[in-house]
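Order of the sequence lines sets the chain letters (A, B, ...), proteins ahead of strands, with each chain counted from 1.
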There are 2 protein chains.
Amino acid sequence: MTKRSYNQYCGLAVALDLLGERWTMLVLRELLLGPRRFKDLLDGLPGIGTGLLSQRLKELEAAGVIDKATLPPPAGSNVYRLTEDGESLRPVLLGLTRWGMTRLGTPEADQYISSETLAVAVAARFNPATAHDAAGTHRLDIDARPFLLDIANGQVSVRAGEADRPVVSISTDSGSLIALINGTRTLADSLAEGFIAIDGDPAAIMALARAFDLAASEPE
Amino acid sequence: MTKRSYNQYCGLAVALDLLGERWTMLVLRELLLGPRRFKDLLDGLPGIGTGLLSQRLKELEAAGVIDKATLPPPAGSNVYRLTEDGESLRPVLLGLTRWGMTRLGTPEADQYISSETLAVAVAARFNPATAHDAAGTHRLDIDARPFLLDIANGQVSVRAGEADRPVVSISTDSGSLIALINGTRTLADSLAEGFIAIDGDPAAIMALARAFDLAASEPE
DNA sequence: CCGAATCCGGCATGATACTG
DNA sequence: CAGTATCATGCCGGATTCGG
C-alpha cells in the first residue's frame, strides 16, 4: 500500500506530500526545541493518539527529516531529533508561525497552551532587521521551564534547557507572556507590575526588546 | 457541524487549522501567479474534484486569505485572488517550495508538470544575497506561456502575463527548464544548444543568472 | 462553461485497549 | 514509558447531476 501523493513535479507538492499530513508540522514544531521522547511529544500534541504519532515519526525518519537516538546511560531512553535537513525547516516553520500569530487573539478557555509553544512564538517574533547588539545566548524561563535563545548572524534559535552564562535572563509565566505578545500589556508595565523579571546588561536588554519588537514603551 | 481544529494557542497550529487541510496550500500556489478562475484551478490541481475545490475556496474566502471578483464585461467570469493577507504568505510558500525542491529529482513519467509550477520553482530559487543589479521586470516564457518576474527591494514575485517592456526576456520549454534547474544541463550548454533563448542587456542577464544561482558556468 | 450539491467506496484519523 | 492492535467515525476522491 503506497502513500498517497499529489504526484506533481513541484517543490511545494513534494514538501506537502511529506509534511502536509495532519499533525506532521506540529511534531516538527516540538522538535524545534530539541530532542524529545515519545511521551513528551504526546503531551505537547493533545489529541494525536499514539498510533498516528508513531506513524508520523516513522514517515519523517524514513524521509531523513528526523532521526532516533538512544540517550547514554543511565537515561537509556529513545529520543527523536531533527536532522540537518529537518533543521533547515526552522525558518519555514517560524514563518508560518508568524503568519498564524496575527490571527491569534486572546486565548479561549479550552485552548491548549504550553510554555513550549510560547517559546516558539517568541522566536517567531524575532526581527533580524532590528537585531543589532542582541547577539549571544539568553535565558528565558516560562512557568519555571528554562529555554535558551541563541542569536547569531541575525538568526535566532530556541531550545529547551538552561543557558550556561546567559547575557540576559528573563523570567515570566504564560499569562504574562501572552499579554505581552498580543499587546494587552506593555513591556514597561509588565516589568513595573512584576509580571516579568529581567536581569542582565541594560544595553543588551534594550537590544533584545528591539529585536523582538517589544520596545514600544521602553523599559527604563 | 464545526470545522476540526488543533485548538492550540499557537501561531503554527492556527495557521495549519486554516492552511493545513489537503490541497489548500496548492490552491494558494496557483493564486500566487495571479487571479484564477475555478476551471484554471481545477486544471492546475489534477485530482482535486469540484466539490473539494469549492469547499477550500469558501474556507479561504471566509478567512480573508482570498477573495472573489467578477471580471468586467465582456468576460464577466468570476476569479479568485489573494488578498493582502494571502499575499503575505508568498515568502512562506516559496520557502516550503525551496525546501521541497531539494528532494525533487528528475520527473517521473506519470508526474504532473505545468509551466505554472515551474515558474514558481524559478521564483523559489531566487537568492536575495546575490540579487544585485537584477532589479526590474523580466519576461519568462515557458512552453509559450508568458510570465513576468518582478524583482524589487531584494524580493521577487512571479505572475502570469506579458511584461510591458522587459529588461530581460527568456524563452524556453518545460524540459529544458527542468534540466537547467536540477543541474542536468548548464546554462552555457542550454544557450549554446538552443534550449533556451535570452534577450536583453548582457550585464542584466549576468545579474539574473547570479540571482537565481545559475552562473556556475557563465554564458559568453 | 462555471460552480456547486449529492452519493458512495475507501482510506486517514482519533480513541482506547493492550503488550513488552 | 514506548509503542502496536483494533475499531468507529469522518474526510477525501471520483462520478454524476443539476441550476445558472
Side-chain angles (χ1 to χ4, degrees), chain A residues 1-8 13 16-27 30-31 35-63 66-81 110 112, chain B residues 1-8 13 16-27 30-31 35-62 66-81 110-112:
Chain A
M1 86 151 235
T2 168
K3 200 171 138 29
R4 84 175 159 181
S5 160
Y6 291 114
N7 205 33
Q8 298 194 3
L16 292 175
D17 278 342
L18 181 55
L19 309 176
E21 303 293 321
R22 195 158 171 79
W23 294 107
T24 306
M25 292 202 209
L26 292 183
V27 170
E30 294 292 307
L31 294 179
R36 285 286 180 271
R37 291 172 304 173
F38 193 88
K39 180 59 156 52
D40 301 328
L41 296 172
L42 270 185
D43 291 344
L45 303 167
I48 190 177
T50 57
L52 195 50
L53 176 56
S54 175
Q55 181 185 331
R56 291 290 179 265
L57 290 170
K58 273 201 266 279
E59 291 163 0
L60 289 171
E61 190 181 358
I66 67 173
D67 63 6
K68 197 193 295 201
T70 303
L71 292 184
S77 56
N78 285 336
V79 292
Y80 298 89
R81 55 185 185 186
D110 61 345
Y112 172 80
Chain B
M1 86 153 233
T2 167
K3 200 170 139 26
R4 82 176 160 182
S5 160
Y6 291 113
N7 206 32
Q8 298 193 3
L16 291 175
D17 278 341
L18 181 56
L19 309 177
E21 302 294 321
R22 195 158 172 78
W23 294 107
T24 306
M25 292 203 210
L26 292 184
V27 170
E30 294 292 307
L31 294 179
R36 283 287 180 271
R37 290 171 306 174
F38 192 87
K39 181 59 157 49
D40 300 328
L41 296 173
L42 270 185
D43 291 344
L45 303 168
I48 191 177
T50 59
L52 196 51
L53 176 56
S54 175
Q55 182 185 331
R56 291 291 180 263
L57 290 170
K58 271 199 270 278
E59 292 163 0
L60 288 171
E61 190 181 358
I66 67 173
D67 63 6
K68 196 193 295 201
T70 304
L71 292 184
S77 57
N78 285 334
V79 293
Y80 298 89
R81 54 185 186 186
D110 61 344
Q111 269 185 321
Y112 173 80

How long is the line joining [atom1] of [X] and [atom2] of [N], in whole Å?
X: Phe38(B); N: dA4(C); atom1: CZ; atom2: P; value: 6 Å
X: Asp40(B); N: dC1(C); atom1: CG; atom2: C1'; value: 12 Å
X: Leu57(B); N: dG3(C); atom1: CG; atom2: P; value: 9 Å
X: Leu42(B); N: dC1(C); atom1: CG; atom2: P; value: 13 Å
X: Arg36(B); N: dC2(C); atom1: CZ; atom2: P; value: 13 Å
X: Leu41(B); N: dC2(C); atom1: CG; atom2: C1'; value: 12 Å

(request) Could you list the residues that satisfy side chain to side chain donor-acceptor pair (under 3.5 Å) with Ser5(B), not counting sequence neighbours? (result) Asp17(B)

(request) With sequence neighbours left out, write down each residue that passes side chain to side chain donor-acceptor pair (under 3.5 Å) with Glu59(B), or none if nothing qualifies. (result) Gln55(B), Arg56(B)

Taking only the side-chain nitrogens and oxygens of [X], find out if one of them lies under 4.0 Å from OP1 or OP2 of [N].
X: Tyr80(A); N: dG3(D); answer: yes
X: Lys68(A); N: dG3(D); answer: yes
X: Asn78(B); N: dG3(C); answer: yes
X: Lys39(A); N: dC1(D); answer: yes

Report yes if the side chains of [X] and [Y] come closer than 4.5 Å at any heavy-atom pair, otherwise no.
X: Glu30(B); Y: Leu42(B); value: no
X: Val27(B); Y: Tyr80(B); value: no
X: Glu21(B); Y: Arg22(A); value: yes
X: Leu31(B); Y: Leu60(B); value: no
X: Gln8(A); Y: Tyr112(B); value: yes

(request) Quantify the bending of the helix from dC1(C)-dG20(D) to dG20(C)-dC1(D) as the angle between its end axes, each fitted on five pairs, to 10°. (result) 30°

(message) Nearest to the side chain of Lys58(B), heavy atoms from C-beta on, is which of dG3(D), dA4(C), dC2(C)?
(response) dA4(C)

(request) Only counting residues at least two apart or in another chain, list the ones meeting ring pair (Phe, Tyr, Trp, His ring centres under 6.0 Å) with Tyr6(A). (result) Trp23(B)

(request) Can you sort out the partners of Asp43(B) under side chain to side chain contact (heavy atoms under 4.5 Å, CB included), two or more places apart, ordered by chain and number? (result) Lys39(B)

(message) Strictly under 4.0 angstrom, non-hydrogen atoms only: write out the protein contact profile of nucleotides 13-18 of chain C, one letter per nucleotide from the 5' end, B, S or -.
(response) SSSBB-

